[in-house]
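Structure record follows, encoded as structure tokens.
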2 protein chains.
Amino acid sequence: MTNIQDVAKVAGVSVATVSRVLNNSSSVSAKTRENVLKAIKELNYQPNLLGRNLRRMEARMILVLLPNISNPFYSRVVKGIEDVARKNDYFIMLCNTDSDASQEKLYLKLLKNRLSDGVIFLAPELKKEELSEIGINYPTVQCCEYKEGARVSHVTIDNYAAGYNAVKHLIDLGHKRIGLISCRNNFVSTKQREAGYRKALEDSGIDFDSRLITYGDYSFMSGMRCARQLLDLEGGVTAIFAISDVMAIGAMRAVKEKNMSVPKDIAVVGFDNISFASMSDPMLTTISQPKYEIGCTAMNLLLEQIKGSIKESRHIVLEHELIVRESTVGHSMNN
Amino acid sequence: MTNIQDVAKVAGVSVATVSRVLNNSSSVSAKTRENVLKAIKELNYQPNLLGRNLRRMEARMILVLLPNISNPFYSRVVKGIEDVARKNDYFIMLCNTDSDASQEKLYLKLLKNRLSDGVIFLAPELKKEELSEIGINYPTVQCCEYKEGARVSHVTIDNYAAGYNAVKHLIDLGHKRIGLISCRNNFVSTKQREAGYRKALEDSGIDFDSRLITYGDYSFMSGMRCARQLLDLEGGVTAIFAISDVMAIGAMRAVKEKNMSVPKDIAVVGFDNISFASMSDPMLTTISQPKYEIGCTAMNLLLEQIKGSIKESRHIVLEHELIVRESTVGHSMNN
DNA sequence: TTGTACGCGTTATCAC
DNA sequence: GTGATAACGCGTACAA
């Protein structure tokens, strides 16, 4: 393994000078620089970053923790994070937590052992005290999902308003019996979307019926199960709002099973605008989050913390959008 | 930042002894060990791996390069890689190449700069000479996709046999006009699946018709486009084999657009058995690869190279399976 | 069983 | 503009 000493020897200079050339730092004469570069090329020298990182006491690596890489919602967010990271000479480490706090803790070792310089949580599983503990000691940002009460910066949309918009859209179409497919978890987004649902009903003078709230687990199958439950209800429903696209797609499947049609018999609204939302039949009406921008913003926030320029935690809210497609007002091919 | 010296001081021993305790290495008296552990706990000491890694000249990090993390096919493969890695105290770095050779090269810097100890390619974009160059100098494994002629180990299924099985299944159901949705790329898997298609036709005495081969780009939309093209053909088709599930799902959508039904009018077979294949309507018949096992095998192969126990390149072939669902023989709800 | 001392490859400080 | 050299934190001969 050729190192900086070898280069110095071949170029006939000191290691300090080689280092200066490598880092484009102060004052190296053109002639010397040329010699050094020639030696580097000749030896096919690659700087050993293990040495550099130790010396600079940094890893140039960002930890990105998410429940599951294959969740299509996250890919655009991650892309945003990565693009900003790369522009600033950082690499990112993507880690599946499988929504498991102990796995999350395992990966946080990378932070404590100085193998990464900061962490972005896409859906923290830690308790808020543990999370605050991390946030105090290391550059930390929560992105999309966040824990209420943790003193850690976050970037999200207004899930309350988004839930409200989704349900208001259904109400405006004349629906009064609107089922909700939610989840039993402690995500702020879940609670807020649910609250938006209730507020929209209330503002329109529609009585709240607790039987219209069902609980899935973000999976396709749970979406089917919840929809069946709603359809079998006395009084039934004419519309369904699911807090994730995957569950909404499952719900549409259940509707078809009963030989009913979307949107003619049952209108469906999802949440997230994953790519499959425009591939489903009928295409899904949904709430779109600015995923890429959320990722960029989160990474920029983290960089500021790493540079030490900000200390207090900041909360940034970006705009969402209702995307109307076939599942609420469109023409379905199955009709 | 507390370091090994601080621990040594508090425990009243030398740094060497602390290091021995940390690494459970030779001969430390129970009493001393206890003192050291107490000091570690008291100071909340976390070993700085930047130092350790430099000293040991390793990063304990594996580079995993894939076209796109959100491609659902890869998530199980990655899970296999990760489980084996973790069991051996390695972390993995997942990197999106966007199927772009220059991005791939960017990430390979991590290897050359000693920030990772080996690389697994899920779909190499490099030319075979460049790939061989990497394979010669660093622990390297290709997984699923691979470059023919590169002297680098790989783990895959027999794509030729799998393509054959898929098409034979359609022929056994009585189909004679079978369209193929392939891709214009240089992947071995593509060529082999295509060759399997042709061989199955040949073995059954069905004349080959080049117009029945269409080319997409693995996307849903391209699947729709190719299917439309096949359906509009003079003589039409009664079945379609797509070399990816996503394109197959797109094809089913195109069939419905023409007010035809799957599988009554057109049978469809996909490839990969992604989770959406059992969520589509109708559920998709497809070829299943042992994704998790492929990942485990690849990582084990890599570990052997890192340990230096094997040098020559090895080629491992795992078993595939035809999963028959509604899109070829089942009952569709739309009929 | 334990301690001393060196070196891993690099960068940064201080001379000149 | 350049060189000598001391760190960075850790692991491991070698000595005791």
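So that the names make sense, note that chain A is the first sequence line, chain B the second, and so on, each numbered from 1.
Under 4.0 angstrom from either OP1 or OP2 of D:dC10 there lies no side-chain N or O belonging to B:Ser19. Remark: A:Ser14 is not in phosphate contact with D:dT2, judged by side-chain N or O atoms under 4.0 Å from OP1 or OP2. For B:Asn23, a side-chain nitrogen or oxygen approaches OP1 or OP2 of D:dG11 to under 4.0 Å. Between A:Ser29 and D:dT2 there is a side-chain N or O to OP1 or OP2 distance below 4.0 Å. When the side-chain nitrogen and oxygen atoms of B:Asn3 are compared with OP1 and OP2 of D:dC10, none of them lie within a distance under 4.0 Å. A sub-4.0 Å separation between OP1 or OP2 of D:dT2 and a side-chain N or O of A:Thr32 is present. For B:Tyr45 and D:dG9, the shortest distance from a side-chain N or O to OP1 or OP2 is not below 4.0 Å.
When heavy atoms are screened at a 4.0 angstrom cut-off, A:Leu50 is found touching no nucleic acid atom at all.
Nearest nucleotide to the side chain of B:Ile4, out of D:dG11, C:dG3, D:dC8: D:dG11. Ranking D:dC8, D:dC10, C:dT2 by closeness to the B:Ser27 side chain, first place goes to C:dT2. In the set D:dC10, C:dT10, D:dG11, the nucleotide with an atom closest to the side chain of B:Asn48 is D:dC10. Among the nucleotides D:dG11, D:dC10, C:dT4, the one closest to the side chain of B:Arg56 is D:dG11.
Side chains of B:Asn96 and B:Gln103: a donor-acceptor N/O pair is absent below 3.5 angstrom, by distance only.
Atom pair A:Leu22:CG and C:dA12:P shows a separation of 12 Å (rounding to whole Å applied). Here the P atom of nucleotide D:dG11 and the CG atom of B:Asn24 are 11 Å apart, to the nearest Å. Between A:Leu49 atom CG and C:dC8 atom P the separation is 18 Å, expressed in whole Å. In this structure, B:Leu43 atom CG and D:dG9 atom P are separated by 14 Å, rounded to whole Å. Between the P atom of D:dA6 and the CG atom of A:Leu54 lies a distance of 17 Å, rounded to the nearest Å. For B:Glu58 and D:dG9, the CD to P distance is 20 Å, given to the nearest whole Å. B:Asp6 places its CG atom 13 Å from the C1' atom of D:dC10, with the value rounded to the nearest Å. Atom NZ of A:Lys9 and atom C1' of D:dG3 are 15 Å apart (whole Å).
Judged by distance alone, with hydrogens and angles left aside, A:Arg52 brings no side-chain donor or acceptor close enough to the base of C:dT10 to form a pair under 3.5 Å. Looking at A:Arg33, its side chain has no donor and acceptor atom pair within 3.5 Å of the base of D:dG1. Remark: the A:Arg55 side chain and the D:dA7 base include a donor-acceptor N/O pair separated by less than 3.5 Å.
Applying the side chain to side chain donor-acceptor pair (under 3.5 Å) test to pairs two or more places apart or on separate chains, those with a residue in residues 45-56 of chain B are B:Asn23-B:Arg56.
Classified by interplanar angle (parallel below 30°, tilted 30° to 60°, perpendicular above 60°), the ring pair B:Tyr107/A:Phe91 is tilted. Classification of the A:Phe187-A:Tyr218 ring pair by plane angle, with boundaries at 30° and 60°, yields tilted.
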Practice task
Apply the test side-chain contact (heavy atoms from CB on, under 4.5 Å) to residues B:Leu108 and B:Val119: give CA-CA distance (whole Å), side-chain angles for both, the deciding distance (0.1 Å), then the verdict.
Solution key: CA-CA 8 Å; B:Leu108 289 172; B:Val119 57; 4.2 Å; yes
Handout entry: Derivation of the side-chain contact (heavy atoms from CB on, under 4.5 Å) call for A:Glu304 and A:Arg314
Key = CA-CA 11 Å; A:Glu304 289 181 39; A:Arg314 292 176 55 188; 3.6 Å; yes
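Both A:Arg20 and A:Met1 lie near DNA chain C, and the one whose nearest nucleotide falls closer to the 5' end is A:Met1.
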